[in-house]
Amino acid sequence: MSANLVCWRCGEALRKDLPRVFPRLEKCRGCGADLHVCRLCRHHAPRYISQCDHELAEPPRDRELANFCQYFKPRTAAFEARQAKAAKDARSALDSLFAGGESGKAGPKTDGGAPDEHSAALRALFGGDPDPDPER
């Protein structure tokens, strides 16, 4: 197995003792992701509807789970750090947007219990109750 193969999900270097043909249920040591997946295959081509450029391969339902594709060939550039960073940044922005206040409830953060200007603007726009959560 090539020394520069890395996990498609976390980017960790794969074991050098992996067999030439990946076992179907082989997993990454770092993140536990399945390795015999479309995302790690050199035929993976998101530009196609089937997301595969091999003419005989039958696309699986989930391209991130182990499959039985007999045309699987691992590729070296499967991990894309830019996309992983963008996904992580988007997740953290989403988490901070919906992080709970002191009570631990989901919703926008407020200063001292007073509704912030965005919540007030939405309530004014949609005619909602001025204070839908009296516990705040």
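Note that the coordinates shown come from a computational prediction; the quantities given were computed from them, not determined experimentally.
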Exercise. How about Ile49: does its CD1 atom have over 12 heavy atoms from other parts shown lying under 6.0 Å from it?
Worked result: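 No - once you tally the heavy atoms of other residues, nucleotides and ligands closer than 6.0 Å, there are 12 at most.
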Exercise. Does CD belonging to Glu58 count more than 12 external heavy atoms closer than 6.0 Å?
Worked result: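 Not more than 12 within 6.0 Å, no.
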Rounded to the nearest 0.5 Å, what separation is found between the [atom1] atom of [X] and the [atom2] atom of [Y]?
{"X": "Arg42", "Y": "Tyr71", "atom1": "CZ", "atom2": "OH", "answer": "15.5 Å"}
{"X": "Phe72", "Y": "Leu35", "atom1": "CZ", "atom2": "CG", "answer": "7.5 Å"}
{"X": "Arg29", "Y": "Cys10", "atom1": "CZ", "atom2": "SG", "answer": "9.5 Å"}
{"X": "Leu14", "Y": "Leu40", "atom1": "CG", "atom2": "CG", "answer": "6.5 Å"}
{"X": "Lys27", "Y": "Cys7", "atom1": "NZ", "atom2": "SG", "answer": "11.0 Å"}
{"X": "Glu26", "Y": "His36", "atom1": "CD", "atom2": "NE2", "answer": "11.0 Å"}

Nearest heavy atoms of [X] and [Y], plus distance in Å:
{"X": "Glu12", "Y": "Cys28", "result": "CB-SG, 4.5 Å"}
{"X": "Val6", "Y": "Thr76", "result": "CG2-O, 4.1 Å"}
{"X": "Arg63", "Y": "Pro60", "result": "NH1-O, 3.6 Å"}

Problem set entry | Pro74 side chain near Cys41 side chain, heavy-atom distance below 4.5 Å |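 Result no, sub-4.5 Å side-chain heavy-atom pair not found.
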For this session: Could you tell me which residues satisfy side-chain contact (heavy atoms from CB on, under 4.5 Å) with Glu64, sequence neighbours excluded, listed by chain and number?
Result: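 Once residues adjacent in sequence are excluded, the partners of Glu64 under the side-chain contact (heavy atoms from CB on, under 4.5 Å) criterion are Trp8, Arg9, Arg39, Asp62.
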For this session: With sequence neighbours left out, write down each residue that passes side-chain contact (heavy atoms from CB on, under 4.5 Å) with Asp53, or none if nothing qualifies.
Result: His43, Ala45, Arg47, Tyr48
Exercise. Hey, does the side chain of Asn67 reach the backbone of Cys69 with a donor-acceptor pair shorter than 3.5 angstrom?
Worked result: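 Checking the backbone N and O of Cys69 against the side chain of Asn67, a donor-acceptor pair under 3.5 Å is found.
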